[in-house]
Amino acid sequence: MTMKPTTLVVLPETGEIFRTFKNGTVKPAGWLSRDGYKYLDVCGKVRAFHRAMWEHVNGPIPDSLEIDHIDGDRLNNKIVNLRLVTRSQNMQNQHRPRSNNVTSGIKGVHWDKSRGKWRVHIGVGKRGFFIGRFDCLEAATEAYSAAALTHHTHNPSGSKGDK
């Protein structure tokens with residue numbers, strides 16, 4: 001027979017959520033999913049940990065907005081590490097390159113095999129912008145960083161933490 005929890009204890013300062021049971025037992029709530037996020041069951045509904053934490057402290061999340069982990073760590077659900085953002089702003093704060101960018105390891109920079117140069121592009125809103133092609137990786141990285149300073153409001157450093 002499984003024990004039915006009586007309450008959830010939410011600790012915004014530490015980013016933890018615990019379940020307390022009638023017999024006094026306290027256990028960490030949730031599980032880690034393959035996508036790298038923690039989830040928990042709240043009243044029969046599966047909820048993302050970071051969303052549950054945000055709503056506990058700040059109330060409902062508007063349909064058009066998302067919760068962003070400022071430091072890029074999906075398991076750091078401290079309330080000071082969470083912020084309300086648009087989809088575009090959330091994408092600006094990616095801390096690693098896209099999975100299809102295996103040539104440079106740097107966000108926005110990939111090897112253009114047909115031209116023999118590093119190709120740089122940046123996403124702004126729903127659009128992508130071509131920055132240029134460069135002979136060396138360092139110049140391409142600098143070009144992306146400069147473009148990020150101009151176009152990105154939530155992670156303007158570009159290369160910091162993107163490798």
Side-chain angles (χ1 to χ4, degrees), residues 1-110 120-129 141 144-145 147-163:
M1 182 170 112
T2 60
M3 296 183 291
K4 297 261 187 205
T6 56
T7 59
L8 288 176
V9 176
V10 181
L11 304 174
E13 305 80 27
T14 63
E16 298 172 296
I17 301 175
F18 295 93
R19 293 192 182 281
T20 60
F21 297 86
K22 289 181 181 177
N23 68 359
T25 305
V26 177
K27 293 184 177 184
W31 63 89
L32 183 61
S33 181
R34 286 188 212 178
D35 64 4
Y37 290 98
K38 269 186 98 171
Y39 292 89
L40 73 155
D41 183 302
V42 180
C43 300
K45 183 178 177 185
V46 174
R47 301 291 319 270
F49 229 73
H50 59 285
R51 294 179 67 83
M53 183 66 67
W54 178 270
E55 289 183 338
H56 175 78
V57 174
N58 299 298
I61 301 165
D63 290 339
S64 61
L65 297 177
E66 300 179 357
I67 302 301
D68 178 36
H69 290 86
I70 296 168
D71 68 0
D73 180 355
R74 295 175 177 181
L75 298 178
N76 181 357
N77 294 302
K78 296 175 186 171
I79 197 66
V80 297
N81 188 50
L82 304 177
R83 62 181 166 194
L84 203 56
V85 295
T86 65
R87 177 74 176 150
S88 176
Q89 291 168 329
N90 203 0
M91 296 308 292
Q92 291 173 19
N93 196 26
Q94 287 184 334
H95 285 264
R96 56 179 197 245
R98 291 172 43 174
S99 60
N100 65 354
N101 180 3
V102 294
T103 56
S104 72
I106 298 169
K107 185 167 72 172
V109 178
H110 75 271
V120 179
H121 89 282
I122 191 167
V124 180
K126 295 182 180 181
R127 298 182 61 196
F129 294 95
T141 302
Y144 180 85
S145 294
L149 282 171
T150 303
H151 298 291
H152 286 177
T153 58
H154 276 72
N155 189 26
S157 63
S159 62
K160 180 181 158 194
D162 292 337
K163 292 183 181 181

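Since the structure is predicted, the reported quantities are computational estimates derived from the model, not experimental observations. Side chains included, hydrogens not; waters and symmetry mates left out as well; all remaining heavy atoms used.
The side-chain contact (heavy atoms from CB on, under 4.5 Å) search around V80 returns K78, not counting sequence neighbours.
Across all their heavy atoms, H69 and Y37 have their closest contact at CE1-CE2, 3.7 Å. When all heavy atoms of L82 and W54 are compared, the closest pair comes out as O-CZ3, 3.6 Å. Pairing each heavy atom of H56 with each of P12, the nearest pair is CD2-CG, 4.3 Å. In plain terms, the two heavy atoms of L40 and A29 that are nearest each other are CD1-CB, 4.3 Å.
Between the side chain of D71 and the backbone N or O of N81 there is no donor-acceptor pair closer than 3.5 Å. Remark: the backbone N or O of F49 is not paired with any side-chain donor or acceptor of N77 at under 3.5 angstrom.
Separation of atoms NZ (K38) and CG (L75) is listed at 7.5 Å; rounding is to 0.5 Å. D41 CG to R47 CZ: the interatomic distance, rounded to the nearest 0.5 Å, is 11.0 Å. The NZ atom of K45 sits 13.0 Å away from atom OH of Y39, with the distance rounded to the nearest 0.5 Å. Between atom OG1 of residue T86 and atom CG of residue L65 there is a gap of 7.0 Å, rounded to the nearest 0.5 Å. Taking CD of E66 as the start and NE2 of H50 as the end, the distance is 8.5 Å to the nearest 0.5 Å.
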Step by step, would you call Y144 with I106 a side chain to side chain contact (heavy atoms under 4.5 Å, CB included)? CA-CA 9 Å; Y144 180 85; I106 298 169; 5.5 Å; no
Give the intermediate values and the outcome of side chain to side chain contact (heavy atoms under 4.5 Å, CB included) for residues R19 and V26. CA-CA 6 Å; R19 293 192 182 281; V26 177; over 6 Å; no
Show your working on side chain to side chain contact (heavy atoms under 4.5 Å, CB included) between L84 and I67 and close with a plain yes or no. CA-CA 5 Å; L84 203 56; I67 302 301; 3.5 Å; yes
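Ring planes of H121 and H110: perpendicular class, angle over 60° (limits at 30 and 60°).
Under the side chain to side chain contact (heavy atoms under 4.5 Å, CB included) test applied with I17, the options V42, V9, L11, V10 reduce to a single match, V10.
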